[in-house]
Amino acid sequence: MASIRQEESAVAVPMEAQYEVFCMTDPDFYDTIDLDITDDQLFAPLREAATPVGWSRTHTRGWVHYQPIGSRIPRQGWKVHVSATVDGAEEVTGKVFDYCVGHGATFKLVPSAPEYHNRNIKYGERAGGGKLAAIYPVDERDLETVVTGLGDLLDGVPGPYVLSDLRWRDGPVYVRYGAFEQRTVKRADGRPVMAIEDADGNLVPDHRGPVFSVPDWVRLPAFLQPELERRDAARVDGLPFEVVRPLHYSNSGGVYEGREKATGAKVAVKEARPHAGVDRARRDAVTRLRRERDILEALRGLPNVPALKGYHGTAGHEFLVEEFVEGTTLYRACVRRNPLLRPGRPDPEELAGYTGWAMSIWQHVADTVRAMHARGVVFGDLHMTNVLCRDDETGVWLIDFEGGWFVAEGGRQLMANSGFVAPRNLTGVDVDEHSLAALKIAMFAPLTAVLRLNRGKAAQLAEVVVDRFGVPAEWLADAVATLRGDHPEPVVSLHELPPDPARWDAAVTSVADGIRAAATPDRTDRLFPGDVAQFLEPGAALGMAYGAAGVLWALRTAGEEYPPEWERWLVDRVADQDDIPPGFYNGLHGIAYALWDVGRRDEALEVLDRAWAGPEPDDADLHQGLAGTGLTWLHFARECDDDRYLLRALRSADAVRDRLGQVTDVAEVSGGGQPIAGLLQGSSGPALLLTEVFEETGDPGYLDAAEVALRQDLRRCAYSDDGALQVNEGFRMMPYLATGSCGVGIALGRYLACRPDPELETRLAEIRPATRASFYLFPGLFHGQAGTVLYNAAHETDAADASADQIAGLNWHALRWRGHLAFPGSQLLRMSMDLATGGAGVLLALTAARAARTGGRLSLPFFLPPKTRTRP
């Protein structure tokens, strides 16, 4: 399928799909799926009793590893993967286990049916989908033995194609060259990736894309050459369309813009991969695409539904060809039009105009969905990106029917966007009616994902929509009744977080009570529930951003008490874990800072000594790099009056300055394979360090370098339609604290306090409106509304009034949990208590706003000049 394969690109998996995997264990908080996996839940061959004598057995997240005791394997080389269908996974596991033990090969296997299912869902990792087993041959001769042996053993066994690999014949055995040992390097955007050594011994990324490739310095073994030639000979040239460009990728296959060869007409092409992209009923992509074909046939001629143009198959893949419809997703159209997303208080006429448009669009969607019902079809997966607004934005198209079914079948929803998930008891057309109810609210407040946490929240969201937009309450009444069902859980009121400062103390206490109630000191992996990063990044569950250090620091900063045993928990876990990185928000330096600030001075210095003896960070940023560690060294130099720490801080600042380069050395967009802009991961963090070192030393060279760093981030900013200066990510504008212009403004303000500059002062003024919108999608500190509260409270001259307006915006997200105020984390699918995404960040922001009422200034570490930092 060469012509399609050549179009493969790194199209991102939707972020919410990456979080869904961590929603399966706990209804309230993100948690790892295999946290409490028991031996009897493993595939039978992998249970403890089956471990052969003379073999080691270890269990890591997502894998069970086996190795003959005393054996060794290379650090990298040709590895073998085996795939299987979800239903056939346990049987294949047994065969691979027996073969590898008999052969004496080191190997690992996915531990259980739920874990393997999750690897093969529609938005699982494309490059890793289908991998049930990995085997590590010791050399090329061993590789050939293993490949041919397993190939013969598993001949004819079905399984999804492992896209990153080369297939052996027509079975489920695949090969690729890559890392055996966990070694990493950083990409251009600062994210770590697996690494291998090149011909000169340098670590380079181990590319694991959705297309098989061989590193330039590696020779393909001769016995695999015929398989590569056979793969390259497979083409789609015989099909009646050609691919123009890819539009979207998932584990199920691709969606492409195509062209009919006979007519030249533009068409949309959907590809389905056999045995891949399974749903909750274990239907694969091919099964669903065939159903979509049948549905489109039944809807032929219906307005607002694309016309079916053809259906074709080759090499096991199947392709649906349909009319190409032009338009903008309803989600993007709402973002562009919604007045609450612009700075300041919206004009009543604008609000009324948006309300009229949104109600009209909803009616178009509802009419089309109910016309589908009249033809015996349930849409099944209605949400804001499966609706396209026509170019004039007065009409709609409905697209993507793979989640649908026929009314006569009485089916249930098996695929759904997180904000449109129907209760499991709903069947048939009632599923669509639930989605239409969610759409009524989501077009004004795209927060319906939180209804999975509390269905009673529907009433409060509707109340906010009526209050802010003037939508008639009766228009939303049926939607609220549908969404709420018989779940009248208590929720916060419309004004639980009011602009009135007299009521902020109660809110602070309630948020802190929620954090305390969520603590799990009996667990060893985390003390407070937070973002999924706790389970994906070493040390994250202990650190400042997502872990215990940040939560304890925020509680103490807010003047809130907690059991001292929680500090002991953190100290003990840090001592037990040897892979904690050195950085501030992700590692040892931040933990040392927090322990010092909460009064654990001796333990803080022990952690700092450990950081001193360890390696320097690879990056220059504030989150995990030299900017954060340098600021920490400077902090401890002042606190301890120790010149050793000062010299280390200066060394960090010099290293940061040496790495900066010129202003034009960065691209004009942030991310997308390019270095990320902003305070925590961009150049503004280094600017903060360089500015503070200037304040300490008086050396203007550091301030010169700080200006370069700031201009690098400003180069990656652009003006939104409303004139606010925001970080430009190419496809969206970012106002937030971590990777948006709000954070750039913090570093810019620190710089301007040392060296006035009319041009840069203008840039700072242009950033301000981005922090004054009435609505932000997430409530968190790093990427949401709490960050704008903190910015306005601690870093603006009109702090009291600006932060009060932003606090009121947190009502959109506020929930009740065990009687306390709580907030959803990233993607809104579960609550969070951490500093970066959850309750601790909101607590800090509220505390900063409260301090601002009496002229105080309180912010995150290092954001304020030392002499202005205060406690409540």
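All values below come from the heavy atoms of this structure, side chains included, with hydrogens, waters and symmetry mates left out.
In this structure, Pro675 and Arg716 have side chains that are in contact, with non-hydrogen atoms separated by less than 4.5 Å. Within the 4.5 Å cutoff, side-chain heavy atoms of Leu588 are placed close to those of Val574. A heavy-atom distance below 4.5 Å is not found between the side chains of Arg763 and Leu710. Under the 4.5 Å side-chain criterion, counting only non-hydrogen atoms from C-beta, Tyr776 is not in contact with His783.
A salt bridge links Asp206 with Arg176: at least one charged nitrogen is closer than 4.0 Å to a carboxylate oxygen.
Remark: side-chain polar atoms of Asn792 are paired, donor with acceptor, to backbone N or O of Thr771 under 3.5 angstrom. Thr847 places no side-chain N or O within donor-acceptor distance of the main-chain N or O of Ala558, the cut-off being under 3.5 Å. Of the possible donor and acceptor atoms, none in the side chain of Tyr736 sits under 3.5 Å from a partner among the backbone N and O of Gly780.
Taking each heavy atom of Leu679 and Ala747 in turn, the nearest pair found is CD1-CB, 4.1 Å. A pairwise comparison of heavy atoms in Val193 and Pro205 identifies CG2-CB, 3.9 Å as the closest pair. Across all non-hydrogen atoms, the minimal contact from Ala845 to Ala786 is CB-O, 3.4 Å.
Using the six-membered ring where Trp is involved, Trp596 and Phe636 have ring planes that are perpendicular, over 60° apart on the 30 and 60° scheme.
For Asp641, the CG atom sits in a loose shell: 12 or fewer heavy atoms of surrounding residues, nucleotides or ligands are nearer than 6.0 Å.
For Tyr593 and Phe862, the gap between ring centers is short of 6.0 Å.
Arg651 forms no cation-pi arrangement with Trp633, by the criterion of a distance under 6.0 Å to the ring centre and an angle within 45° of the ring axis.
Within the structure, the side chain to side chain donor-acceptor pair (under 3.5 Å) test picks out the following pairs touching residues 698-711 (sequence neighbours left out): Asp654-Tyr702, Asp704-Arg755, Glu707-Arg711, Glu707-Tyr751, Arg711-Glu759.
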Please test Asp597 against Trp553 for side chain to side chain donor-acceptor pair (under 3.5 Å), starting from the C-alpha separation and ending with a verdict.
-> CA-CA 7 Å; Asp597 223 30; Trp553 177 83; 2.8 Å; yes
